[in-house]
K.L.:
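One structure is given below, represented as structure tokens, and several questions about it will come after.
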Amino acid sequence: MSQNKSSTPFVVVLQGPTAVGKSDLALELAASLGGYIISADSRQIYSQLEIGTAKPKPEELKAVEHFLIGELDPKQAFSAGEFVRRAQQIISKRSPQIPIIVGGTGFYCKALLDGLSNIPAVSDAARRELALVKNRYAKLQEVDPVLAEKLHPNDSARIERGLLVYLSSGKPLSSFWQQEQAVGSYDAFSVLLLRERQELYERINLRLDKMIADGLLQEIQELLASGYEWSDPGLNTVGYKEFQPFFQKEKSLTECLEKAKQDSRNFAKRQLTWYRKIKFDLTLSAGSDNLPTILSRLQIERPWLF
RNA sequence: GGCGGGAUAGCUCAGUUGGUAGAGCAGAGGCCUGAAAAGCCUUGUGUCCCCAGUUCAAGUCUGGGUCCUGCCA
């Protein structure tokens with residue numbers, strides 16, 4: 001047991017709801033293990049969204065090497081598949097350095113660890129064709145009954161995705177599930193960082209107030225002035241989209257700020273629901289001195305690291 | 001002080017010709033195979049402000065209180 005049993009790369013995964021305090025712990029952990037950080041965050045991947053996505057500060061980005069932060073233009077769409085591809089590449093290139101994968105996008109972490117079915121990319125032609133489909137759920141029932149069975153008729157996003165895959169490939173999305181999964185197998189140590197609900201909600205509220213104080217509105221103003229639009233993927237982000245009515249002079253700043261806080265709280269709740277069914281090696285309560293706890297566990301379970 | 005409007009779920013409010021009440025939001029729980037900070041589902045017994053009256057029956061009508069609120073003074 002003196003070394004990693006196979007060549008499977010070792011990764012630490014740190015997850016938790018928004019505003020719980022993941023970044024600080026990740027920095028400490030990376031420093032202790034001599035590792036680097038990969039952000040598993042569907043919003044921090046965008047450039048120019050600094051304040052509202054609570055990106056690490058420049059000093060922090062300098063102290064520890066970070067990946068997948070600010071790499072994408074807000075006009076570009078991103079996806080779980082793309083995340084997995086990029087993360088895998090970074091991990092293999094950097095091996096045997098230890099990546100600390102930190103982020104609140106649970107789906108990305110799951111996709112990286114458990115793999116995604118190998119589903120063909122969606123074509124532009126399919127998108128154009130989809131625009132002509134009237135009753136989408138009925139169409140999906142006809143074309144991919146297996147998927148339709150699993151979806152609620154109101155679940156527009158997944159119905160759309162199912163149809164796009166069918167229109168692109170000519171095969172039902174569900175037919176790809178059985179196929180081999182593109183699993184990059186890792187020896188992962190998964191940590192969940194939690195906080196008491198009430199306290200988490202209070203932190204979220206305070207964080208939004210602080211974002212405004214730190215110049216969130218100016219940041220949005222600059223984005224708009226640079227030609228970004230509210231319909232761009234990057235701006236479809238909690239902490240940004242709620243301020244559209246303010247910039248369009250339809251609602252007061254207070255109203256928009258309250259909505260942003262509300263949406264963040266709802267988001268945190270959804271994250272917590274997601275994490276409940278994910279298996280973690282260690283669940284920690286934020287606020288205490290968690291670094292030693294993680295390190296001692298690793299010393300026992302992954303002695304070759306030390 | 002005068003003339004109005006209102007008092008119903010944590011919040012904002014609906015409630016039809018009287019038959020013991022319902023939406024949105026919040027809260028809570030859940031789903032999730034390339035938009036996941038997205039998308040979606042489930043979940044509402046509360047002194048209908050108080051007292052008295054009419055009535056088989058009052059959130060709903062009548063009278064009297066109390067407290068908000070708008071305009072005029």
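Values below: every heavy atom of this structure, side chains too, minus hydrogens, waters and symmetry copies. Within every chain, numbering begins at 1; the chains are lettered A, B, ... in the order of the sequence lines, protein sequences first and strands thereafter.
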K.L.:
Establish, with yes or no, whether the OP1 or OP2 oxygen of B:A38 is under 4.0 angstrom from a side-chain nitrogen or oxygen of A:Lys241.
P.N.:
yes
K.L.:
For the pair made of CG in A:Leu68 and P in B:A36, what is the distance, rounded to whole Å?
P.N.:
14 Å
K.L.:
Is the count of non-hydrogen atoms from other residues, nucleotides or ligands lying under 6.0 Å from A:Lys55 atom NZ greater than 12?
P.N.:
yes
K.L.:
Need to verify one output field. Residue with the more 5' nearest nucleotide on RNA chain B, A:Ala80 or A:Gly106?
P.N.:
A:Ala80
K.L.:
Which part of the nucleic acid does A:Phe78 contact within heavy-atom distance under 4.0 Å: base, sugar-phosphate only, or nothing?
P.N.:
sugar-phosphate
K.L.:
Rounded to the Å, how far apart are A:Asp144 CG and B:U33 P?
P.N.:
12 Å
K.L.:
Could you tell me whether A:Tyr108 contacts a base, only the sugar-phosphate backbone, or nothing, with contacts defined as non-hydrogen atoms closer than 4.0 Å?
P.N.:
sugar-phosphate
K.L.:
Distance between the P atoms of B:G59 and B:U54, in whole angstroms?
P.N.:
16 Å
K.L.:
Tell whether A:Arg265 reaches the base of B:G27 with its side chain through a donor-acceptor pair below 3.5 angstrom.
P.N.:
no
K.L.:
Just confirming the chi classification of B:G46, syn or anti, using 90° around 0 as the syn window.
P.N.:
anti
K.L.:
Identify all side-chain donor-acceptor contacts of residues 15-24 of chain A below 3.5 Å with residues at least two apart in sequence or on another chain.
P.N.:
from    : atom 1 : to       : atom 2 : distance (Å)
A:Thr18 : OG1    : A:Arg207 : NH2    : 2.9
A:Lys22 : NZ     : A:Gly16  : O      : 3.1
A:Lys22 : NZ     : A:Pro17  : O      : 3.0

K.L.:
Not counting sequence neighbours, list each pair that qualifies as a salt bridge (Lys or Arg N to Asp or Glu O under 4.0 Å) and has a residue in residues 238-249 of chain A.
P.N.:
none
K.L.:
Determine: side-chain N/O of A:Gln262 to OP1/OP2 of B:G27, distance under 4.0 Å, yes or no.
P.N.:
yes
K.L.:
With rounding to the closest Å, how many angstrom separate the C1' atoms on B:A7 and B:C11?
P.N.:
15 Å
K.L.:
Choose from B:G39, B:A36, B:G27 the nucleotide whose nearest atom is closest to any side-chain atom of A:Arg270.
P.N.:
B:G39
K.L.:
Evaluate the side-chain proximity of A:Leu72 to A:Phe78: yes if any heavy-atom separation is below 4.5 Å, no if none is.
P.N.:
yes
K.L.:
What residues form a salt bridge (Lys or Arg N to Asp or Glu O under 4.0 Å) with A:Glu160, not counting sequence neighbours?
P.N.:
A:Arg136
K.L.:
Taking salt bridge (Lys or Arg N to Asp or Glu O under 4.0 Å) as the definition, give me every residue that meets it alongside A:Glu28, ordered by chain and number, with sequence neighbours left out.
P.N.:
none
K.L.:
Can a salt bridge be assigned to the pair A:Glu82 and A:Arg86 using a cut-off of 4.0 Å between side-chain N and carboxylate O?
P.N.:
yes
K.L.:
Tell me the interatomic distance from A:Gln15, atom CD, to B:A36, atom P, rounded to whole angstroms.
P.N.:
15 Å
K.L.:
State, yes or no, whether a side-chain contact exists between A:Leu27 and A:Ile100 at a heavy-atom distance under 4.5 Å.
P.N.:
no
K.L.:
Sequence neighbours excluded, which residues qualify as side chain to side chain donor-acceptor pair (under 3.5 Å) partners of A:Asp232?
P.N.:
A:Lys75
K.L.:
Just jot down the salt bridge (Lys or Arg N to Asp or Glu O under 4.0 Å) partners of A:Glu202, sequence neighbours excluded, or say none.
P.N.:
none
K.L.:
Rounded to the Å, how far apart are A:Ile159 CD1 and B:G39 P?
P.N.:
14 Å
K.L.:
Which part of the nucleic acid, if any, lies within contact of A:Ser42, taking any heavy atom under 4.0 Å across all strands shown: a base, the sugar-phosphate backbone alone, or nothing?
P.N.:
base
K.L.:
Please list, in numerical order, the residues of residues 45-58 of chain A that have a heavy atom closer than 4.0 Å to any atom of RNA chain B.
P.N.:
A:Gly52, A:Thr53
K.L.:
How would RNA chain B look in dot-bracket form, 5' to 3', counting Watson-Crick and G-U wobble pairs with both distances under 3.5 Å and writing | for bases paired to another strand?
P.N.:
(((((((..((((........)))).(((((.......))))).....(((((.......)))))))))))).
K.L.:
Between B:A36 atom C1' and A:Ile278 atom CD1, what is the distance in whole Å?
P.N.:
12 Å
K.L.:
Looking at residues 192-219 of chain A, who's got a heavy atom less than 4.0 Å off RNA chain B?
P.N.:
A:Arg197, A:Tyr201
K.L.:
Suppose you measure atom C1' in B:G24 against the same atom in B:C61; what distance do you get, rounded to whole Å?
P.N.:
30 Å
K.L.:
What pairs of residues pass the salt bridge (Lys or Arg N to Asp or Glu O under 4.0 Å) test when at least one of them lies in residues 251-261 of chain A, not counting sequence neighbours?
P.N.:
A:Asp209-A:Lys261, A:Glu258-A:Lys261, A:Lys259-A:Asp263
K.L.:
Measuring only the P atom in each nucleotide, how far is B:G46 from B:G22? A whole number of Å is fine.
P.N.:
13 Å
K.L.:
Of the options B:G29, B:A36, B:G39, whose atoms approach the side-chain atoms of A:Lys269 most closely?
P.N.:
B:G29
K.L.:
Check this for me: A:Glu250, atom CD, are more than 12 non-hydrogen atoms of other residues, nucleotides or ligands nearer than 6.0 Å?
P.N.:
yes
K.L.:
Mark yes or no for a side-chain to base donor-acceptor pair under 3.5 Å between A:Arg158 and B:C32, with no hydrogen or angle criteria applied.
P.N.:
yes
K.L.:
Just call it for A:Thr273: base, sugar-phosphate, or nothing, with non-hydrogen atoms closer than 4.0 Å on any strand.
P.N.:
base
K.L.:
What salt bridge (Lys or Arg N to Asp or Glu O under 4.0 Å) pairs are there with at least one residue in residues 87-96 of chain A, not counting sequence neighbours?
P.N.:
A:Glu65-A:Arg94
K.L.:
Taking only the side-chain nitrogens and oxygens of A:Lys277, find out if one of them lies under 4.0 Å from OP1 or OP2 of B:C32.
P.N.:
yes
K.L.:
Measuring only the P atom in each nucleotide, how far is B:G44 from B:C49? A whole number of Å is fine.
P.N.:
23 Å
K.L.:
For the P atoms, the ones on B:C48 and on B:U20, what distance do you get once it is rounded to whole angstrom?
P.N.:
14 Å
K.L.:
Going by heavy atoms in the side chains, are A:Trp230 and A:Ile220 under 4.5 Å from each other?
P.N.:
yes
K.L.:
Roughly how far apart, to the nearest Å, are B:C41 and B:U45 at atom C1'?
P.N.:
24 Å
K.L.:
Between B:G15 and B:U8, how far apart are the two C1' atoms, rounded to whole Å?
P.N.:
9 Å
K.L.:
Start at the 5' end of RNA chain B and walk down; is the nucleotide closest to A:Ser79 or to A:Gly239 reached first?
P.N.:
A:Ser79
K.L.:
Of the options B:A35, B:U33, B:A37, whose atoms approach the side-chain atoms of A:Val238 most closely?
P.N.:
B:A37
K.L.:
May I ask you to evaluate whether A:Asn266 reaches the phosphate of B:A26, defined as a side-chain N or O under 4.0 Å from OP1 or OP2?
P.N.:
yes
K.L.:
Can you measure A:Glu255 atom CD to B:C11 atom C1' for me and round it to whole angstrom units?
P.N.:
15 Å
K.L.:
OP1 or OP2 of B:U33 versus the side-chain N and O atoms of A:Arg161: is any pair under 4.0 Å?
P.N.:
no
K.L.:
With sequence neighbours left out, what residues match A:Phe83 under ring-ring contact (aromatic ring centres under 6.0 Å, His included)?
P.N.:
A:Tyr108
K.L.:
Is the shortest side-chain N/O distance from A:Arg43 to OP1 or OP2 of B:A36 below 4.0 Å?
P.N.:
yes
K.L.:
May I have the distance from A:Phe267 (atom CZ) to B:A36 (atom P), rounded to whole angstrom?
P.N.:
10 Å
K.L.:
How long is the line joining CG of A:Asn236 and P of B:A37, in whole Å?
P.N.:
11 Å
